[in-house]
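Predicted model only: the values in this text are computed from it and were never measured. For reference, positions follow the sequence shown, starting with 1. Counting convention: from 1, in listed order, for ligands and their atoms alike.
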Amino acid sequence: MTDLHRLSIREMTEGLKTAQFSSRELTQHYLDRIAKIDGRVQSYVTVTAEQALAQADAADQLLKSGTAGILTGVPIAHKDIFCTQGIRTSAGSKMLDNFISPYDATVVAKTKAAGLVTLGKVNMDEFAMGSTSESSFYGATKNPWNLEHVPGGSSGGSAAVVAADLAPIATGTDTGGSIRQPASFCGLTGLKPTYGRVSRFGMIAFASSLDQGGPMARSAEDCAYLMNTIAGHDAKDSTSVNKEVDDYVANLNATAVKGLRIGIPKQYFNVQGLDADVKARVEESLKKLEDMGATLVEVDLNMTEAYVPTYYLIAPAEASSNLSRYDGVRYGYRCENPTDILDLYKRSRSEGFGAEVQRRILIGTYALSAGYYDAYYVKAQKVRRLIQQDFLKAFENVDVIAAPSAPTTAYKIGANLSPTEMYLGDIYTLAVNLAGLPAINAPVGFDANQLPVGLQLIGNYWSESQLLSIVHQYQQNTDWHTKRAAIAEENI
Ligand code: GLN
């Protein structure tokens, strides 16, 4: 079969269960596509072909003996921020170019236990800091819709592999938009779960109070399958919440779009820099949801102007603390011929980290330093609470809140935005992480250059089922999520 990569996850599981194809055939098909196509997309940092085929053979045994789980034999790609035992985990950094983890992240362990086949590790902005994937030590990943554009970031590799059909599903992480924005730029569905829903154990830390892993796929249904595998309490992550996990697949039709109250923040649609095509596509998608029975209700999110400054203080502060462990002694890169311990620290860190990571460490260290702590860090924490309260107030009147995922479509590679221009592009995603809420991106059309546009739906705490269900029903009534980039249409 030449078109196994066109199957949805449900169709893949059915094909495997009824022996229409084996996991080895499916895995080999993806490995062949990677070999033929990824030279142009550059999404994989590491392809684990040999291990993948061994996992596929083991999956085929389980399938034959009738003891397979739901996703047994389905391939997956992991963002290179999730530790994988025995396989390099780089976080897109020279600092960890030689790092081989002695253990698996819980998310990876769960996908392995479920019988998923790991195709490899995919590219990302260095330590997940960025919005284009260009800050990776391994170079820029290309957007499958237009190879001259970025796939977004920081989970740009995860988005690109799915959009080019080089993996059917992928894991991503989202600290300030890194699942939703690349999903938006690549025409995919991506879910950022409630803080505490997915274990952070073994997920290389950027800003620990904001980081959350989640699924990236073509549809809400595909995301639901992966959420069923990776969500849940983990005693190894103290911020993981011990709360029953929904059956996200079974609940795909459980939320009625009819009667659903969708909040439209009036501050969001007048943001300077909101592209006219993005605005139009998002409004059309909201009209469609209205036609399906939802009601649009204007809401006030007064703190909108505070999102970017608050996030860009708290995230670097936490990053400067988290990244202090990379000192050239215990992990990763060590400079050549250090003259003394200070020289070792200094040169290992200035040679091992790229410019954006160094910028964040400097900002974060400054904000946390004794004389400035109250003026910056403590103040940002207070504003963070106000942002959260703003959302809780809005949720008294509405079920979900709608917004674009990003003000623009994918940037050109090398556009060389200034840091502040780049940070402003995160306006629609940051508050969700500051408040710890779940949110989803769904593809809703294209701009004049045939680049995808995404709608973001933000839910109240623990509403992942509801968000997946709304998007699933939207996708039953539209076909944006079925559109494929030309490179994904190439058969091999
Ligand atoms: N673009 C944001 C940043 O650079 C968000 C990144 C993320 O979610 N990991 O920090």
Side-chain angles (χ1 to χ4, degrees), residues 79-82 91-93 122-136 140-141 150-159 170-186 190-193 195 198 200 203-216 273 307-320 322-323 353-364 367 380 384 404-408 410-411 415 417-441 454 456 458:
K79 185 174 181 178
D80 209 12
I81 198 168
F82 289 100
S93 183
V122 293
N123 204 18
M124 53 181 282
D125 278 300
E126 185 177 10
F127 284 101
M129 298 174 194
S131 308
T132 65
S133 299
E134 289 169 292
S135 74
S136 170
T141 294
V150 302
S154 67
S155 310
S158 309
T171 51
T173 64
D174 191 312
T175 303
S178 281
I179 288 176
R180 293 159 284 157
Q181 184 258 24
S184 174
F185 280 13
C186 290
L191 174 72
K192 183 263 172 208
Y195 185 76
V198 172
R200 293 185 301 109
M203 196 175 103
I204 292 177
F206 162 11
S208 306
S209 78
L210 304 162
D211 298 341
Q212 191 63 198
M216 300 177 71
Y307 297 169
V308 174
T310 307
Y311 171 89
Y312 277 99
L313 226 136
I314 291 175
E318 294 187 19
S320 73
N322 272 324
L323 270 58
F353 289 135
E356 183 61 25
V357 172
Q358 294 192 27
R359 178 177 299 120
R360 307 244 183 149
I361 292 173
L362 287 172
I363 295 170
R384 177 179 189 174
S405 286
T408 66
Y411 315 114
L417 303 182
S418 71
T420 40
E421 280 172 319
M422 178 92 82
Y423 300 167
L424 285 169
D426 297 334
I427 175 87
Y428 294 119
T429 47
L430 304 174
V432 163
N433 303 72
L434 289 166
L437 296 164
I440 195 165
N441 175 77
Q456 179 182 204
I458 304 167

Please produce the table of protein N or O atoms sitting under 3.5 Å from N or O atoms belonging to ligand 1, one pair a line, distance to 0.1 Å.
| residue | atom | partner | partner atom | Å |
| --- | --- | --- | --- | --- |
| ligand 1 | 1 (N) | G130 | O | 3.0 |
| ligand 1 | 1 (N) | S131 | OG | 2.9 |
| ligand 1 | 1 (N) | D426 | OD1 | 3.4 |
| ligand 1 | 1 (N) | D426 | OD2 | 2.9 |
| ligand 1 | 4 (O) | G130 | N | 2.9 |
| ligand 1 | 4 (O) | Y312 | OH | 3.3 |
| ligand 1 | 4 (O) | R360 | NH1 | 3.4 |
| ligand 1 | 4 (O) | R360 | NH2 | 2.8 |
| ligand 1 | 8 (O) | T175 | N | 2.8 |
| ligand 1 | 8 (O) | G176 | N | 2.6 |
| ligand 1 | 8 (O) | G177 | N | 3.3 |
| ligand 1 | 8 (O) | S178 | N | 3.0 |
| ligand 1 | 8 (O) | S178 | OG | 2.6 |
| ligand 1 | 9 (N) | A128 | O | 2.8 |
| ligand 1 | 9 (N) | S154 | OG | 3.4 |
| ligand 1 | 9 (N) | S178 | OG | 2.7 |
| ligand 1 | 10 (O) | Y311 | OH | 2.7 |
| ligand 1 | 10 (O) | R360 | NH1 | 2.8 |

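Residues passing the side chain to side chain donor-acceptor pair (under 3.5 Å) test with N441 are S405, sequence neighbours excluded. When the side chain to side chain donor-acceptor pair (under 3.5 Å) test is applied to E134, the partners found at least two apart in sequence or on another chain are T132.
The distance from the OG1 atom of T420 to the OH atom of Y312 is 10.5 Å, given to the nearest 0.5 Å.
Listed here is the closest heavy atom pair of S154 and M129: CB-N, 4.4 Å.
Sorted by first and then second residue, the salt bridge (Lys or Arg N to Asp or Glu O under 4.0 Å) pairs involving residues 174-186 (not counting sequence neighbours) are D174-R180.
In summary, the aromatic rings of Y311 and Y423 are positioned with their centroids too far apart to meet the 6.0 Å limit.
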